[in-house]
Amino acid sequence: QVQLVESGGGSVQVGGSLRLSCAASGRSFSGYAMGWFRQAPGNDRDFLAAITGFGAIAYYADSVKGRFTIFRDNAKNTVYLQMNSLKPEDTAVYYCAADADAYGSGSYLKLGSAYEYWGRGTQVTVSP
């Protein structure tokens, strides 16, 4: 069982930056691939980024490639999402998720169904 807690959300102006953190409980954090998703009101949950168990491979949605960076610190059981050049359309609740298969493919890790565990989310609001 893994529990995930996101933090780091908040309000920022267009062009600003935020770093989200997701702290995981339990052992063997490196045994999990980790992903970030977001959901805006009235929209589906969208994939943003994923990273394999030891951080060797990262995958990104086209909408955030070049602006967002996913990375992890397995010693701290934490995965991060660095978000730069934020836009109003980035406003959403951001969720992290854990997949017990640490080495999923990019096409697989883009699916919400790939993940067994989810955090409760953190709100990000980008104002003009």
Side-chain angles (χ1 to χ4, degrees):
Q1 191 78 6
V2 175
Q3 292 185 326
L4 304 173
V5 179
E6 301 95 338
S7 61
S11 297
V12 65
Q13 291 188 319
V14 168
S17 298
L18 283 174
R19 178 178 292 183
L20 304 184
S21 300
C22 173
S25 67
R27 294 176 283 183
S28 301
F29 180 63
S30 60
Y32 293 85
M34 300 297 295
W36 284 97
F37 291 75
R38 69 185 178 193
Q39 188 167 21
N43 288 4
D44 294 333
R45 183 178 56 196
D46 293 329
F47 168 77
L48 298 175
I51 190 167
T52 54
F54 287 95
I57 303 174
Y59 305 100
Y60 295 94
D62 289 343
S63 60
V64 303
K65 197 174 295 183
R67 297 192 300 125
F68 291 9
T69 302
I70 187 172
F71 59 101
R72 64 192 296 163
D73 185 340
N74 286 350
K76 295 182 179 179
N77 281 15
T78 301
V79 64
Y80 304 91
L81 186 68
Q82 176 67 42
M83 306 187 296
N84 299 328
S85 303
L86 285 163
K87 307 174 181 179
E89 52 264 43
D90 293 319
T91 295
V93 178
Y94 284 67
Y95 300 90
C96 71
D99 171 22
D101 179 358
Y103 301 104
S105 68
S107 58
Y108 179 68
L109 290 173
K110 292 179 180 180
L111 303 174
S113 58
Y115 300 86
E116 292 82 10
Y117 305 102
W118 291 83
R120 293 188 174 184
T122 185
Q123 175 71 45
V124 171
T125 302
V126 184
S127 56

When rounded to the nearest 0.5 angstrom, what is the spacing between CG in Leu4 and CE in Met34?
5.0 Å

Has Tyr115 got a side-chain atom pairing as donor or acceptor with Leu109's backbone, closer than 3.5 angstrom?
yes

Only pairs under 3.5 Å count here: list side-chain donor-acceptor contacts from residues 11-18, not counting sequence neighbours, and write none if there are none.
unit_1	atom_1	unit_2	atom_2	d
Ser17	OG	Asn84	OD1	2.9

Nearest heavy-atom contact between Leu86 and Met83 is CD2-CB, 3.8 Å

Spacing of Asp99 atom CG and Thr52 atom OG1 [to the nearest 0.5 Å]
11.0 Å

Using atom types as modelled and distance alone, determine if a side-chain donor or acceptor of Arg72 lies under 3.5 Å from a backbone N or O of Gly55.
no

Just checking Phe37 against Tyr95, ring centres under 6.0 Å apart?
no

Supply the atom-to-atom distance Phe47 CZ to Trp36 CH2, rounded to the nearest 0.5 angstrom.
12.5 Å

Chi angles and distances behind the side chain to side chain contact (heavy atoms under 4.5 Å, CB included) call for Val5, Gln3
CA-CA 7 Å; Val5 179; Gln3 292 185 326; 5.6 Å; no

For Gly53, is there any backbone N or O sitting under 3.5 Å from a side-chain donor or acceptor partner on Asn74?
yes

Do Tyr117 and Leu81 share a hydrophobic cluster, counting only Ile, Leu, Val, Met, Phe, Trp and Tyr and linking them when any side-chain heavy atoms are less than 4.5 Å apart?
yes

For Lys65, what residues pass the salt bridge (Lys or Arg N to Asp or Glu O under 4.0 Å) criterion, not counting sequence neighbours?
Asp62

Please list all pairs passing the disulfide bond (SG atoms under 2.5 Å apart) test where one or both residues lie in residues 28-81, with sequence neighbours left out.
none

Contact check, side chains of Tyr108 and Tyr103, non-hydrogen atoms, under 4.5 Å
no

Tyr60 to Ala49 - nearest heavy-atom pair and separation
CD2-CB, 3.7 Å

Atom pair CD1 (Ile57) and OG (Ser105), whose distance is rounded to the nearest 0.5 Å
10.0 Å

Cluster link Tyr80 to Phe68, ILVMFWY, side chain under 4.5 Å:
no

Donor-acceptor contact below 3.5 Å, side chain Thr69 vs main chain Gln82:
no

Restricting to non-hydrogen atoms, name the atom on Val79 and the atom on Phe29 that form the minimum distance, rounded to 0.1 Å.
N-CZ, 4.1 Å

Hey, could you give me each pair passing salt bridge (charged side-chain N to carboxylate O under 4.0 Å, His left out) that has a residue in residues 30-58? Not counting sequence neighbours.
Arg38-Asp90

May I ask you to decide if Gly35's main-chain N or O and Tyr59's side chain share a donor-acceptor pair within less than 3.5 Å?
no

Check: Glu6 side chain, Leu20 main-chain N or O, donor-acceptor pair, under 3.5 Å
no

Give the table of side-chain donor-acceptor pairs shorter than 3.5 Å for residues 121-128, with sequence neighbours excluded, one pair per line with atom names and distance.
unit_1	atom_1	unit_2	atom_2	d
Thr122	OG1	Gly9	N	3.3
Gln123	NE2	Ala92	O	3.4
Gln123	NE2	Thr125	OG1	3.4

Using only atom types and a distance under 3.5 Å, with no angle test, would you say the side chain of Asn77 pairs donor to acceptor with the backbone of Gly26?
yes

Give me each pair satisfying side chain to side chain donor-acceptor pair (under 3.5 Å) with a member in residues 20-34, each pair once, sequence neighbours excluded.
none

